[in-house]
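Take a look at the structure below.
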Amino acid sequence: MTPSTLSNVRVRFAPSPTGYLHIGGVRTALFNWLFARHHNGKFILRVDDTDQARNVSEALQPIMDGFKWLGIDWDEGPDINGPHAPYYQSQRSDLYTEAVNKLLEKGLAYKDYSKPEEFAAERQAAEKEKRQFIYSRTWMAEDDAQSAQFEAEGRDFIVRLKMPREGKCEFHDMIRGDMSFEWAGEQDHVIQRKDGSCLYHLTSVVDDGAFEISHVIRAIEHLPNTPRQIFIGQSLGLDIPEYAHLPFVAEPGSSNKLSKRKLDKYLKNRDFKVLYDHGEQIATQIGFSASPETFNPVIVDFYREIGFLPDAIVNYLLLLGWSLDDHTEDFTREAMIRDFSLDRINKAPASFDPQKLTSFQSRYMWRLTLDEKLEMVLPYMEKAGMIETPASDDTQSRVKAILEAANERISLAGDILAYKEFFLADDKIEYEEKPFRKRLVNADAQRGLLIKFRRKLPEIEDFSAQNMDIILHDFVEQEGVGMGMIVHAIRVALTGKAVGFGLFDIMSILGKASCINRIDRALKLVAQQQ
RNA sequence: GGCGCGUUCGUCUAGUGGUCUAGGACGCUGGCCUCUCACGCCGGUAACAGGGGUUCGACUCCCCUACGCGCUACCA
């Protein structure tokens with residue numbers, strides 16, 4: 001499919017205002033967005049708020065913010081409107097009522113005066129006999145006279161679709177091919193409640209028609225709903241859109257659908273655990289600006305909070321159910337818009353893999369320039385109280401030096417918080433117990449070397465990494481020992497840690513005075529322990 | 001129960017009847033590099049759900065079974 005074969009592409013994503021943006025929803029929205037952009041069409045956001053009465057804007061904001069952060073923009077929708085406003089379903093009820101009336105007039109829907117118990121009894125009887133349930137339409141009123149009669153009995157009505165009971169509904173799915181469903185398998189679905197409010201199938205079809213939606217790209221769970229929606233659309237005389245049903249996103253290591261109702265469970269999921277713990281460590285240091293309920297690896301806020309790059313997430317999600325070929329994995333926005341096509345979407349569910357997402361994130365992070373990294377990292381350090389706000393030039397250059405030295409060790413912006421020892425006063429360093437004992441307390445020879453090395457420091461003028469490299473190598477050569485004999489002791493004395501980036505970088509960033517102070521203090525603490 | 005969708009390494013996937021002793025990526029793993037960690041480099045592990053057809057030939061087409069998922073709501 002090339003842009004020239006399709007014109008006037010209009011697609012939509014219809015989130016309900018839940019207060020957070022779910023990762024599966026992002027993927028569906030992304031595919032819609034990509035399809036629209038590829039065909040120079042429009043991507044529309046419609047708010048599915050028929051249920052929620054209040055706080056819609058509050059619950060919608062995080063969703064719109066999430067999309068904006070991810071760089072998924074819409075051409076028509078709540079905050080910007082467009083030719084078919086309003087974009088809130090709660091504000092379009094007149095249209096739905098009108099549609100219901102039209103259906104009623106045409107005899108393609110009917111008022112049903114059954115009481116819920118009566119209807120349920122019929123259904124249960126069918127279930128008991130293990131036969132398919134087909135409503136008897138006993139309480140169906142097809143004209144005013146019948147209605148009056150039922151109403152005289154004190155009955156209320158709801159509106160049901162008068163579904164065909166023979167023949168087939170056939171349609172083409174752009175991902176799955178030709179579909180065929182028996183009409184007999186369909187129920188007389190309710191489209192309007194007793195209180196006049198309308199149900200999803202009706203509202204969705206009416207709005208798709210009103211918005212002139214050309215392609216409905218949505219999750220597979222809607223596939224069996226399609227016949228009844230086509231029925232509604234045809235009954236209303238609307239153009240039927242093309243359909244494309246996406247495979248769902250499954251939980252890590254499982255074929256269960258990733259659900260927004262199982263947030264708590266996911267915190268315990270084995271594959272999510274590592275990511276979550278990593279994130280939590282960062283979030284606790286900056287004081288959780290995301291709400292705890294949305295701090296969850298199935299929600300976009302989580303990733304934003306701890307310093308993921310939107311491009312990494314989008315690139316990862318793109319490949320969850322879609323591929324270009326057998327080797328291309330990195331896509332710029334331009335490339336994905338250019339290359340995206342519905343016919344390369346997979347049919348099978350794809351399970352969400354936090355590890356692979358993380359590997360995309362790392363790659364994207366590493367590609368950033370020093371200044372870009374600085375920009376990302378500074379807010380985290382400020383929020384954690386590690387540096388002053390705004391950061392002085394001195395601080396910024398120290399952070400840059402750390403960024404350069406740490407290099408690939410930083411995958412998320414929040415990872416910078418692991419280097420707080422460079423911003424602590426020399427007498428505030430905390431020593432990790434095990435390496436402190438192993439490299440200093442219980443290592444007489446190493447400690448001896450450290451003391452010797454310490455004595456040389458005051459004479460050194462040039463504390464650059466290059467020079468410290470030369471000096472230390474000379475030192476071990478003179479002593480006739482390997483680097484391993486002294487390096488660990490110095491590192492522990494300077495940073496309190498067993499692991500970290502290159503020692504020469506550490507010394508250079510810290511500078512002469514700090515190095516001396518920290519070694520002296522470590523040595524003093526060792527003496528106290530002996 | 002009925003209807004529908006799906007099933008290639010642990011995971012994401014390539015594969016559209018012969019190029020497949022099934023390719024790539026993430027993960028895991030052995031080694032190298034090395035001041036630790038990370039990066040990088042070289043190597044390894046591991047899959048066509050099962051059974052019948054069709055065909056000279058099937059991962060690719062058809063059927064059945066199994067398993068998974070969904071719809072069957074006055075949810076979306």
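Every chain is numbered from 1 and lettered A, B, ... according to where its sequence line falls, protein lines coming before strand lines.
Distance check on atom P: U7(B) versus C48(B) gives 15 Å, rounded to whole Å. Taking the C1' atom of each, A49(B) and G68(B) are spaced 11 Å apart, rounded to whole Å.
Side-chain contact check for Ile509(A) versus Phe422(A): some heavy-atom pair is nearer than 4.5 Å.
Within the nucleic acid shown, Pro116(A) comes within 4.0 Å of at least one base atom, counting heavy atoms only. Among the atoms of the strands shown, none is found under 4.0 Å from any heavy atom of Arg218(A). Backbone-only contact: Ala350(A) has heavy atoms under 4.0 Å from sugar-phosphate atoms and none from a base.
Contact annotation: Ser323(A) reaches the phosphate of A14(B) (side-chain N/O to OP1 or OP2, under 4.0 Å). Under 4.0 angstrom from either OP1 or OP2 of A76(B) there lies at least one side-chain N or O belonging to Thr50(A). Contact annotation: Asn346(A) side-chain N/O to A14(B) OP1/OP2 distance is under 4.0 Å.
In this structure, the CZ atom of Phe352(A) is 16 Å from the P atom of U11(B), given to the nearest Å. A straight line from CD of Glu251(A) to C1' of G70(B) spans 15 Å, rounded to a whole angstrom.
Salt-bridge formation is detected for the pair Glu433(A)/Arg437(A): a Lys NZ or Arg NE/NH1/NH2 atom is positioned less than 4.0 Å from an Asp or Glu carboxylate oxygen. The pair Glu129(A)-Arg131(A) counts as a salt bridge, with a side-chain nitrogen and a carboxylate oxygen less than 4.0 angstrom apart. Salt bridge present: Arg165(A) and Asp188(A) bring a charged side-chain N and a carboxylate O closer than 4.0 Å.
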For nucleotides 1-5 of chain B, give me every protein contact, N/O to N/O, under 3.5 Å, one pair per line with atom names.
residue : atom : partner   : partner atom : Å
C5(B)   : O2'  : Arg176(A) : NH1          : 2.9

Quiz item: Could you write nucleotides 25-35 of chain B as a row of B, S and -, 5' to 3', where a protein heavy atom under 4.0 Å of any base atom gives B, of only sugar-phosphate atoms gives S, and otherwise -?
Solution: BSS-------B
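For the pair Arg27(A) and Phe352(A), the cation-pi test (distance below 6.0 Å, angle within 45°) is failed.
With a 3.5 Å ceiling on both atom-pair distances, the Watson-Crick or G-U wobble partner of A66(B) is U7(B).
Annotation: salt bridge (charged side-chain N to carboxylate O under 4.0 Å, His left out) contacts of Glu127(A) (sequence neighbours excluded): none.
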